[in-house]
Amino acid sequence: MDSKDEARTKANASQKEEKTVDPEYEKEMFAKFCKAKAVNSTHPLLNWIFGFLTVLFSVTAFICMKLEVLPLPEQTPRIPKIIQRAVPGFFLSVGIEWLVVILKRKDWYRINDAVNSITMGAFEQAFSQIFLSSFKVFPYLWVHHNFALITWGPEPVSWSAWWAMFVCVELGYYWLHRFHHEWNVLWAGHNVHHSSEEYNLTTALRQSPLQTLFSWIFYVPFALFFPFELYAFHNQLNTLYQFWIHTRVIGRLPWPLEFILNTPSHHRVHHGQNKKCIDKNYGGTLIIFDRLFGTFVDESEIGEIVYGINHMPKNWDLMCTQFHHWKEIWEVKTLVPQLWLKLRVFLDLGPYYNWYIQNWSTRFSPSVIQKPKYVPVTVENYVKYDFDTCNTQIRLYGLLHVLIVPILPLLANGVQGASFFYVVRLTVIFHLWILTRFWAPTPFMKVIEGIRLFSLQCILYTIFGDMIYSMLFNTISFLWVLIFYKPHVSANVEKKSV
């Protein structure tokens, strides 16, 4: 036995000697590797076109506004608030689905995950209303007002224009969605929507305001033909439709619907992190463009789906979940050697490229002796991230306040003053961030929550003018936190490495 062990040791030593690689050679190989993967990841021409159009439009719009050339119309069209009016229906549907899941005895809901998803949606709404609302209106409206070739609809009502706009918005959404998966600068926003390891109706609410920054460019070409009112209606309709498909309660629909429409079955594939699920089924309301462009996969080909993303942020913190991908982008940027590639990491090089660069030293380097075996993600070997420090009382408290805070902007609509508009929405952002901190050990959490409740009291007093009921509610809330906030560490902390 001793002789066999000695021979084995010598063989391993000789193998290591054979694998010793000159550092300069490895550096050269890494540079070639970075360049090769960049070529295979995206089309640089598309990146140039996208960047050129964005800069050209932004500069042109700024100059035209300053010189009062090609102005906006004097009266901005009223935007139908379809999504805002549907919010009560969203929460009612979540409650019904949660009840059905309980009756079916499935583990498809977790309070920490559901609260996290709702805070993401409320944060996106508040942040966008403060900083990004003009991106949803100005580009399309400005192009149509100054450069429209024809105006097809909406007066008189034309069903041909209605259906044409429906298909155009869906086509724009398909490419918008596809680019958001393939480019880092866009995935940095869209990955938030995929960061839940559950798949239920609260996942549909999980959004990022960063998506608004670049989404407009995929719809602006249609401004040459269709008026803003028609576009705004269909854009919201497309978003509203996608809410109900984020569920596991509904199975497969009759095959004609499955062939044409984007259904819960198709969208479950899109949210999976199984290898066959990644970058598939991009459609919003329809699935026909996925069939046409080769990105369609049927749910029956997958088996049981594991939801989420391969680089999950192990944190319930609102800001961490919203912006964690920028940290990954920065890390990859520091690794790649060429300046041009460093710039492209922030633009069109996407999650796949990040993975190759981050795994160079363990999988692809010439000095690697034994490459780690790839283990596919399955339900059996995947453990969901479920770390939190809350007891049941604080979980229910957090859920209640997360449902209350997003209502503040709606309650404040009757209060005059632009400054109060921004104060309320900044307050909402602050409140949502603090509430997500309950799920992790946070120093002075009781004091921080007291400050949050005091600011809530100030907002409610400004809106209603009556302090009795709001003060009673906030006093009970603070006493509840003082009594029940006792951080502990839950089991099932880590996710297995797969």
Side-chain angles (χ1 to χ4, degrees), residues 37 40-43 46 106 108 167 169-184 186-187 189-201 203-204 206-207 211 218 238-239 241-312 348-356 374-382 384 498:
K37 292 302 177 184
N40 294 333
S41 294
T42 60
H43 303 285
L46 290 177
K106 300 290 186 179
W108 296 344
V167 174
V169 167
E170 175 62 20
L171 177 62
Y173 179 81
Y174 171 86
W175 285 107
L176 174 158
H177 199 178
R178 184 166 176 173
F179 277 52
H180 272 73
H181 276 256
E182 295 177 354
W183 291 9
N184 266 330
L186 303 179
W187 177 247
H190 187 62
N191 83 91
V192 174
H193 179 62
H194 285 263
S195 61
S196 173
E197 293 174 309
E198 303 297 342
Y199 189 76
N200 51 56
L201 291 178
T203 308
R206 198 181 190 96
Q207 301 292 336
Q211 294 183 95
F218 295 91
N238 190 286
T239 302
Y241 175 89
Q242 294 180 53
F243 174 76
W244 77 278
I245 61 178
H246 290 82
T247 183
R248 282 189 269 183
V249 172
I250 300 174
R252 294 182 67 87
L253 301 180
W255 75 264
L257 298 179
E258 293 284 346
F259 186 80
I260 298 172
L261 299 176
N262 189 17
T263 64
S265 174
H266 298 327
H267 206 58
R268 284 193 287 268
V269 172
H270 179 71
H271 273 258
Q273 56 174 298
N274 310 59
K275 190 172 183 179
K276 289 185 178 180
C277 293
I278 295 174
D279 295 343
K280 301 297 180 183
N281 297 6
Y282 292 113
T285 57
L286 305 175
I287 203 67
I288 55 175
F289 290 117
D290 286 284
R291 297 182 185 275
L292 287 173
F293 297 122
T295 54
F296 174 75
V297 169
D298 193 85
E299 188 179 25
S300 60
E301 301 177 27
I302 307 299
E304 198 163 0
I305 297 174
V306 180
Y307 298 99
I309 53 180
N310 292 322
H311 44 146
M312 290 292 296
D348 64 315
L349 297 179
Y352 270 132
Y353 186 78
N354 299 351
W355 183 85
Y356 277 113
Y374 172 74
V375 181
V377 179
T378 63
V379 174
E380 289 74 23
N381 66 12
Y382 187 87
K384 297 174 183 177
V498 294

### Query
Side chains of V306 and N274: does their closest heavy-atom pair fall under 4.5 Å?
yes
#### Entry: Student check: side-chain heavy atoms of Y352 and I278 closer than 4.5 Å
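Side-chain contact under 4.5 Å: yes.
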### Main-chain N/O of V377 paired to E380 side chain as donor or acceptor, under 3.5 Å
no
### Query
Under the 3.5 angstrom rule, does the side chain of Q273 hit a backbone N or O of Y307 as a donor-acceptor pair?
yes
Partner set under side chain to side chain donor-acceptor pair (under 3.5 Å) for [X], not counting sequence neighbours:
{"X": "N184", "answer": "H325, N354"}
{"X": "T203", "answer": "none"}
{"X": "D290", "answer": "T295"}

With [X], which residues qualify under ring pair (Phe, Tyr, Trp, His ring centres under 6.0 Å), at least two apart?
{"X": "Y282", "answer": "Y174, H177, H181, H270"}
{"X": "H266", "answer": "F296"}
{"X": "F243", "answer": "F90"}
{"X": "W108", "answer": "none"}

Mind checking side-chain contact (heavy atoms from CB on, under 4.5 Å) for [X] and listing every partner two or more places apart, or none if nothing turns up?
{"X": "T239", "result": "I83"}
{"X": "L257", "result": "L253, P254, L261"}
{"X": "L171", "result": "W175, F289, F293"}
{"X": "E301", "result": "V297, D298"}

### Summary
Paired with N262, the side-chain contact (heavy atoms from CB on, under 4.5 Å) test is passed by just one of L286, I288, T285, I287, namely I287
### Residues that E299 engages under salt bridge (Lys or Arg N to Asp or Glu O under 4.0 Å), provided they are two or more places apart
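With neighbours one apart ignored, the set is R268.
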### Query
Can you find a side-chain donor-acceptor pair between Y241 and E170 that sits under 3.5 Å?
no
## Note on the structure
From the list H311, R206, H190, side-chain hydrogen bond (donor to acceptor under 3.5 Å, both in side chains) with S195 holds only for R206
#### Entry: Sole candidate of Q211, H180, H246 that passes side-chain hydrogen bond (donor to acceptor under 3.5 Å, both in side chains) when paired with H193
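In the set Q211, H180, H246, the residue that makes a side-chain hydrogen bond (donor to acceptor under 3.5 Å, both in side chains) with H193 is H246.
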